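The structure appears below as structure tokens.
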Amino acid sequence: MPELPEVETVCRGLRPAMVGLRLTRVDQRRADLRFPFPAGFQDRLEGRRVTAIDRRAKYILIRLEDGWTWLVHLGMSGRFTVGPGGIASSGQAGHNSGWALGEKHDHVVVELESGARVTYNDARRFGYMDLIPPNGEATSSHLINLGPEPLSEAFNADQFSQAIQGKRTPIKSALLDQRLVAGLGNIYVCEALWRAGISPKRSAHTVAGRRATRLVPAVKDVLTAAIAAGGSSLRDYVQATGELGYFQHSWDAYDREGDPCRRPDCDGQMVRIVQSGRSSYYCPRHQR
DNA sequence: CTTGGGTCCTGTGCGC
DNA sequence: TGCGCACAGGACCCAA
């Protein structure tokens, strides 16, 4: 799924199509994604005007005029597409059959008063949606345990050193733990550790201090660069505007098993290991 | 409390 | 060409 840069990119694509406009029709086509849709989902959204779209970690927060928030998590394969009503352009070059009936796995289709249509598609259904009542954000179970936004001042070497104090888990796992810092996923953790020269296997508590002062800027830099590129596009993943992010061409670590390390003056070779069931890519030569 | 592993689901790419 | 397996951007839930 999408990690923070992809979710940010999706938000930026949705805003021009949705903010300030009323949702004229909401079509929920199945009872559940990863979790059941909340009771009254369609009725709560239909007829409401969207006032803003925010992002918190990997969550999309669509603000409605009545104070409710439509929360969306994309899971691994969730995606939004924006198209004109009726015709609904896909942005998926090469195959656009079946548009009148919708693509396979189109689970939620929203029409706006502009005539535009916003479609949520999710093949694996690891994504989910929920409704947060007015003033309910501080107590929302989805958001309450999240760590700081990695691009905010709240995420800094002191804070992160504190957060990983005494943690025996590998630094790779610590960076994926949304309670310590919220928004990173498998790709950008690999990239940040490569940039910081830290092995994904290193025990988290040994990163506190000196190494944290390298790691924190590496995290911020890679996320900033990825957002600027519109995120990473895997397979036919498209952002809300229908355009392709291109940061996958800038990966230095992820999916580069057997390839030469790209760090200047390093003659290492990238390897792949499995940690907690997930692939880690790193250079054993300079990542220690 | 922390930590590791299994699990949900569908699609794709690879080796045979 | 078909088949079976490994693997895929996440994170919850439970056992130890």
Side-chain angles (χ1 to χ4, degrees), chain A residues 1-11 29-36 55-60 71-80 92 94-95 103-107 120-130 140-147 150 163-192 200-205 219 222-223 226-227 229-240 244-251 253-258 272-281:
Chain A
M1 180 333 33
E3 307 179 35
L4 187 153
E6 290 75 37
V7 177
E8 176 62 29
T9 300
V10 169
C11 286
R29 298 183 173 175
R30 53 176 299 131
D32 57 81
L33 295 172
R34 175 167 189 183
F35 306 118
R55 179 190 58 73
R56 172 72 173 104
K58 301 174 195 172
Y59 292 91
I60 300 168
L71 174 147
V72 182
H73 194 293
L74 302 175
M76 290 280 255
S77 56
R79 59 203 62 183
F80 274 108
Q92 298 184 26
H95 65 96
E103 293 285 312
K104 203 174 177 186
H105 308 303
D106 282 354
H107 304 310
Y120 178 79
N121 180 290
D122 189 351
R124 295 178 73 181
R125 299 203 306 275
F126 287 171
Y128 52 94
M129 299 189 183
D130 204 355
S140 165
S141 60
H142 302 109
L143 309 177
I144 195 165
N145 289 318
L146 292 176
I164 56 181
Q165 194 82 29
K167 295 229 172 283
R168 301 279 151 183
T169 194
I171 186 63
K172 164 83 184 294
S173 305
L175 288 168
L176 287 173
D177 185 340
Q178 305 294 299
R179 295 167 302 184
L180 304 183
V181 56
L184 296 175
N186 206 34
I187 291 176
Y188 297 106
V189 163
C190 290
E191 295 299 315
K201 293 191 290 189
R202 171 173 284 281
S203 189
H205 72 281
V219 167
V222 74
L223 292 179
I227 290 170
S232 301
S233 303
L234 278 76
R235 298 199 177 84
D236 64 345
Y237 169 78
V238 284
Q239 47 181 273
L244 294 168
Y246 53 86
F247 194 74
Q248 68 277 15
H249 302 301
S250 299
W251 291 343
Y254 189 80
D255 204 25
R256 295 198 64 242
E257 180 180 18
R272 172 182 175 272
I273 62 171
V274 175
Q275 295 178 286
S276 312
R278 315 202 57 194
S279 293
S280 296
Y281 300 87

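Letters A, B, ... mirror the listed sequences (proteins, then strands); counts begin at 1. The model shown is predicted, which means the values in this text are computed figures rather than measured ones.
- Using bins of under 30°, 30° to 60° and over 60° for the plane-to-plane angle, the ring pair A:His73/A:Tyr128 lands in the parallel bin.
- For A:Glu3, counting side-chain heavy atoms from C-beta on, the closest listed nucleotide (C:dG9, C:dA11, C:dA8) is C:dG9.
- Atom CZ of A:Arg79 and atom CG of A:Asp122 lie 8.0 Å apart (nearest 0.5 Å).
- Atom CZ in A:Arg272 sits roughly 8 Å away from atom C1' in C:dC7 (whole-Å rounding).
- The closest side-chain heavy-atom distance from A:Val72 to A:Val10 is not below 4.5 Å.
- Within the model, atoms CZ of A:Phe247 and CD of A:Glu3 stand 10.5 Å from one another, a figure rounded to the nearest 0.5 Å.
- Judged by distance alone, with hydrogens and angles left aside, A:Arg125 brings no side-chain donor or acceptor close enough to the base of B:dC9 to form a pair under 3.5 Å.
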query = So what's the dot-bracket for DNA chain C: Watson-Crick or G-U pairs under 3.5 Å, [ ] if a pair crosses, | if it pairs off-strand?
reply = .|||||||.|||||||
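- Taking atom P on both C:dA6 and B:dG6, the two are 13 Å apart, rounded to the nearest angstrom.
- Rounded to an integer number of Å, the gap from A:Phe80 CZ to C:dG9 C1' is 16 Å.
- Nearest to the side chain of A:Phe35, among C:dC12, C:dA8, C:dA11, sits C:dC12.
- Atom-to-atom, CG of A:Leu33 to C1' of B:dC8 comes out at 12 Å; the value is rounded to the nearest Å.
- Residue A:Tyr128 contributes atom OH, which lies 9 Å from atom C1' of C:dC12 at whole-angstrom precision.
- Between the CG atom of A:Asn145 and the P atom of B:dT2 there is a distance of 11 Å, rounded to whole Å.
- Taking atom P on both B:dT7 and C:dC5, the two are 16 Å apart, rounded to the nearest angstrom.
- Side-chain atoms of A:Arg278 stay outside donor-acceptor range of the base of C:dA8, with no qualifying N/O pair under 3.5 Å.
- The stretch residues 164-186 of chain A touches DNA chain C through A:Gln178, A:Gly185, A:Asn186, each having a heavy atom under 4.0 angstrom from the strand.
- For A:Arg79 and B:dC9, the CZ to P distance is 19 Å, given to the nearest whole Å.
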Could you go through residues 164-175 of chain A and list every donor-acceptor pair under 3.5 Å that involves a side-chain atom there, pairing it with any protein atom two or more places apart or in another chain?
residue  : atom : partner  : partner atom : Å
A:Lys172 : NZ   : A:Asn186 : OD1          : 2.9
A:Lys172 : NZ   : A:Ser279 : O            : 3.2
A:Lys172 : NZ   : A:Ser280 : OG           : 2.7

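- Checking C:dG9, B:dC9, C:dC12 against the side-chain heavy atoms of A:Arg124 singles out B:dC9 as nearest.
- For C:dC7 and B:dG5, the P atoms lie 15 Å apart once the distance is rounded to whole Å.
- Ring stacking is absent between A:Phe126 and C:dA11, as the pair misses the limits of under 5.5 Å between centres and under 30 degrees between planes.
- For the residue pair A:Pro150 and A:Val181, the shortest heavy atom distance occurs at CB-CG2, 3.8 Å.
- Atom CD1 of residue A:Ile273 and atom NZ of residue A:Lys201 lie 5.0 Å apart, to the nearest 0.5 angstrom.
- Note: NE2 (A:His205) to C1' (B:dC1) measures 18 Å, nearest angstrom.
- Note that NE2 of A:His205 and CZ of A:Arg202 are 9.0 Å apart. Values are rounded to the nearest 0.5 Å.
- Considering only side-chain N and O atoms, A:Lys104 lies nowhere under 4.0 angstrom from the phosphate OP1 or OP2 of B:dT10.
- Not a single donor-acceptor pair under 3.5 Å links the side chain of A:Glu257 to the backbone N or O of A:Tyr281.
- Contact between A:Lys58 and A:Leu184 at its shortest, heavy atoms only, is NZ-O, 2.8 Å.
- For B:dT10, neither phosphate oxygen OP1 nor OP2 lies less than 4.0 angstrom from any side-chain nitrogen or oxygen of A:His105.
- Here the side chain of A:Arg34 is nearest to one of C:dA11, B:dG11, C:dC7, namely C:dA11.
- Within the structure, every side-chain polar atom (N or O) of A:Lys58 is placed at least 4.0 Å from both OP1 and OP2 of C:dG9.
- At whole-Å resolution of the value, OH in A:Tyr254 and C1' in C:dG9 are 6 Å apart.
- Between A:His142 and A:Tyr59, the angle of the ring planes lies from 30° to 60°, which puts this pair in the tilted group.
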